[in-house]
Colleague: 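The following block contains the structure, expressed as structure tokens.
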Amino acid sequence: MSNFECFAESVLDYTARYNHNMTISYGPENLTGKPVKYPDYGDCVDTYMLRKYGRWWIDSENSQKHYMTQDVEEIPSQDYVTLRFEATVIPTAVVIYETYNPGSVVRIWGRHTGEQWIILWEGKPEICPQTSRYFSPPIRQISDLINEIRLDLNHSLLTYQTALDAVLLAGKQPTSELQRKLLSSRLLTVQMDKYIKNESNCEGNLIDNVFTILPYDVIVHIFKYLDIKTLCRCAQVSKLWLSATLDPRIYSHLSLKRYWHKVDNRLLEMFMERCRALRKLDLSWCGNDNKISEEVFTRFLENSCKYLTHLSLCHSKFVTNTSLKNITHCCKDLTEIRLHDCNLDLYASSIHDDELIYILQNTPYLQHINLDMCSNLKRLDNITEIVSQCNRNLVTWSSWKIERMTAIGVRNLAKCNRLRELDLGWCFISSDPEDCLEHIAQGCKDLRRLILSRWRGVCDHLLLPIIRSCKQLTQLDLLGVYISGDICDIALVSLPKLQLLDISFCDAVKPEQVAVFKEYYPHVAIYHSLEFGV
Amino acid sequence: MVSLTYRLLPILIFKEKANPSLCPRFVDSQKKRKFSAADPNIQRKSEPQLVSAVCGFSKEKKIHRLVKGQFGDDAWFSVKHKTADVLGVADGVGGWRAYGINPGEFSLNLMRTCERLVRLGCFAPTNPSDLLAKSYYELLFHKKRILGSSTACVVVLNRENSRLYTANIGDSGFMVVRNGRVIHKSEEQQHYFNTPFQLSLPPPGYQADVLSDQPDSAITDNFPVEDGDVILVATDGVFDNLPQNLLINELLKVQGERCASRLQTVANSIAWMARNLSFDETFISPFAESAFANGINTIGGKPDDITVLLATVTI
């Protein structure tokens with residue numbers, strides 16, 4: 001065996017990125033190759049940056065509440081990125097070079113292309129000092145060859161956006177063909193999972209006897225509180241329990257995101273028998289590597305999802321336009337659809353606008369719309385017009401990084417009076433927002449969260465109406481907007497509920513001013529991130 | 001005259017390449033066929049590539065902070081990818097200083113983004129103007145507002161077919177010299193005298209008043225190169241101050257040169273000559289000649305930032 005080290009060669013998959021996939025700035029591509037920034041610390045374009053941090057996204061009304069509260073992981077993964085390495089090794093170390101707000105890596109998985117994922121390390125997110133970090137956690141010793149690494153990230157403890165520069169995989173490589181064969185046929189691995197079947201079932205009978213006294217409905221009710229793993233174990237206890245675990249009443253809410261690595265067609269078919277009246281379904285992250293076929297998913301929809309109210313298919317590769325159409329056909333009661341970051345091909349087709357409009361028209365109770373980075377949506381004016389006509393109950397609108405957004409579009413949105421969260425970050429990086437902020441100020445007085453990152457041509461007097469009329473504002477993101485320190489001061493004084501103010505990269509606001517703000521308004525989290533550290 | 005010491009800041013980019021002629025003899029023997037397919041190292045030696053050196057000066061007499069890839073408002077990059085070797089220079093338009101904008105920022109970020117795009121393989125070796133366009137587009141996605149404008153010139157050696165693909169916007173440029181003869185030279189693009197074509201990101205409200213050329217207005221060209229050809233990529237600080245015959249004399253010295261340090265010496269001397277002449281008030285520089293042709297009576301060099309990227313082709 002020889003030692004071998006290599007940096008990531010390519011990025012296979014990811015759930016989050018800062019920019020849309022037409023650009024490489026802050027993109028996951030920057031994870032490949034040698035570290036370019038480390039050991040420097042700062043907010044740089046040539047690293048992989050994530051947008052979300054801290055509790056702000058979890059607190060948002062737009063955030064997805066877990067569909068199965070009994071099945072929440074202790075350390076939830078919020079995002080992941082999968083990398084491929086040039087060489088296939090038995091891993092001895094994985095090093096992550098973090099160059100801005102480190103501490104978000106919670107799990108490291110490894111596998112050989114096409115095989116099962118093996119967990120290498122798991123740990124809680126950490127609060128780290130504000131320096132770059134060479135993160136090399138002790139990984140589990142395995143005897144499998146791997147060439148892919150998946151990092152699970154949890155940004156709940158971060159104080160600001162995190163940046164990863166590079167990932168190094170170190171390990172041992174078989175030197176001879178014999179070694180390689182031995183390893184690939186897994187002769188060296190101890191067969192752990194050959195459990196012994198216990199023949200005595202007297203205890204089972206005992207349990208059965210006890211539980212026959214309990215009304216069946218009570219057992220089902222108790223089972224409702226169990227997570228899927230425990231349910232599976234329970235199903236093996238006795239026939240009575242098995243039949244109880246098959247009861248459709250247990251499965252009104254189903255979230256399989258946590259078990260992404262196990263979910264495939266077979267599993268979905270198994271659930272299809274059990275789920276008759278699903279209300280909430282979360283299949284995020286599932287079905288990559290063609291593990292779920294569209295046909296099975298469509299059958300699942302028809303069979304189990306007639307009364308669905310919440311559907312989350314974030315980053316599920318099997319979703320296409322046809323299945324989207326099926327969703328709108330089958331599920332008339334939907335109040336929440338999450339396709340965020342999901343299947344980028346979805347929007348690459350020619351009917352994307354119409355498709356979206358169709359959904360919008362058919363779901364009058366829609367409250368949350370998230371279209372972040374759907375760069376192929378073209379007729380934004382049209383879409384926003386439909387929204388202002390058909391979806392007046394809208395509470396959140398998010399169209400982060402949609403450059404085709406126009407002032408007309410924003411004015412349309414301003415007609416949705418119940419809007420509480422409005423994310424229009426990076427929508428006007430080259431076009432002119434005109435007077436649309438004034439319309440927002442007049443139309444959406446209940447606004448809590450407003451994101452105007454990198455709007456071009458926003459200056460103090462355009463922002464004033466917002467500050468004057470939206471007194472409920474708790475979060476205001478003005479990253480890269482050309483405003484002065486004075487308007488920040490006015491915002492801090494006149495918005496009593498303000499909790500977050502992001503004025504990173506606002507060149508006209510001096511660091512000294514920010515220091516003063518931080519001192520006078522300790523209850524507000526003020527971010528003033530710069531290219532070279534905070 | 002100003003002192004020498006703090007201005008001569010040559011930066012060596014590439015280590016000396018192994019001379020193919022020194023390769024072990026087995027290449028000639030029958031083993032060649034066997035190895036050339038299997039061993040990537042041998043394959044690589046036969047591939048065309050550039051040996052390059054860079055030198056330059058800021059027009060400021062005092063240098064505050066030396067940033068890699070930058071000489072004053074000029075910026076450059078030089079990067080290798082498995083399919084191509086890419087060189088580029090950009091000259092930030094100094095007029096932005098009056099608006100409180102650092103002119104070097106736009107050019108530096110433009111070049112750095114080009115470099116990153118090449119390193120990540122997000123480019124086509126046959127389309128350098130697309131590389132410029134992509135890089136320009138990326139600037140919009142920086143969190144930091146990057147404003148200003150810049151001329152740019154990108155030269156790509158496509159390893160596959162040993163052709164040079166070039167794109168040029170404005171008055172920076174390139175020159176390819178073979179045995180003292182100019183094979184190719186970029187054309188200047190000017191709106192009017194001393195106002196070159198430029199890529200720009202003006203501050204909001206200034207769009208109407210600013211000259212802004214789209215990346216697709218770049219003049220593109222492609223032509224085959226041969227072993228030993230000398231490529232000079234430089235900003236107008238060089239072409240405006242050094243007469244072509246002087247330039248060719250220097251370039252002749254490195255015809256077929258494979259040693260990066262000897263290349264560096266010549267790059268230094270070109271930059272140094274341009275620098276000296278730019279401050280010479282009595283010298284009839286190419287800039288003065290062109291001014292005269294435009295009815296402006298002036299004499300002397302044109303003090304400007306100077307960037308010299310010098311490369312030779314080895315095949």
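Chain naming here is simple, since letters A, B, ... match the order of the sequence lines and numbering starts at 1 in each.
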Colleague: Could you give the distance from CZ (A/Arg456) to CG (B/Leu147), rounded to the nearest 0.5 Å?
Modeller: 7.0 Å
Colleague: Heavy atoms only, distances under 4.5 angstrom: which of A/Asp46, A/Leu479, A/Asn30, A/Val36 has the most pairs with chain B? Name it, please.
Modeller: A/Asp46
Colleague: For chain A, which residues from residues 131-141 of chain B lie under 4.5 Å away (heavy-atom distances)?
Modeller: B/Tyr137, B/Glu138, B/Leu139, B/Leu140, B/Phe141
Colleague: Calculate, to the nearest 0.5 Å, the distance between atoms NZ and SG belonging to B/Lys143 and A/Cys44 respectively.
Modeller: 9.5 Å
Colleague: Is there side-chain contact between B/Arg116 and A/Ser25, with at least one heavy-atom pair below 4.5 Å?
Modeller: yes
Colleague: Would a distance-only check, ignoring hydrogens and angles, find a side-chain to backbone donor-acceptor pair under 3.5 Å from A/Tyr482 to B/Arg145?
Modeller: no
Colleague: Would you say A/Glu86 has more than 12 foreign heavy atoms packed within less than 6.0 Å of its CD?
Modeller: no
Colleague: When rounded to the nearest 0.5 angstrom, what is the spacing between NE2 in B/His142 and OH in A/Tyr26?
Modeller: 6.5 Å
Colleague: Holding to side chain to side chain contact (heavy atoms under 4.5 Å, CB included), I want the full list of residues that pass it with A/Ala8, two or more places apart in sequence or in another chain.
Modeller: A/Leu83, A/Phe85
Colleague: Please classify the contact of A/Gln161 with chain B as side chain, backbone, both or neither, using a heavy-atom distance under 4.5 Å.
Modeller: side chain
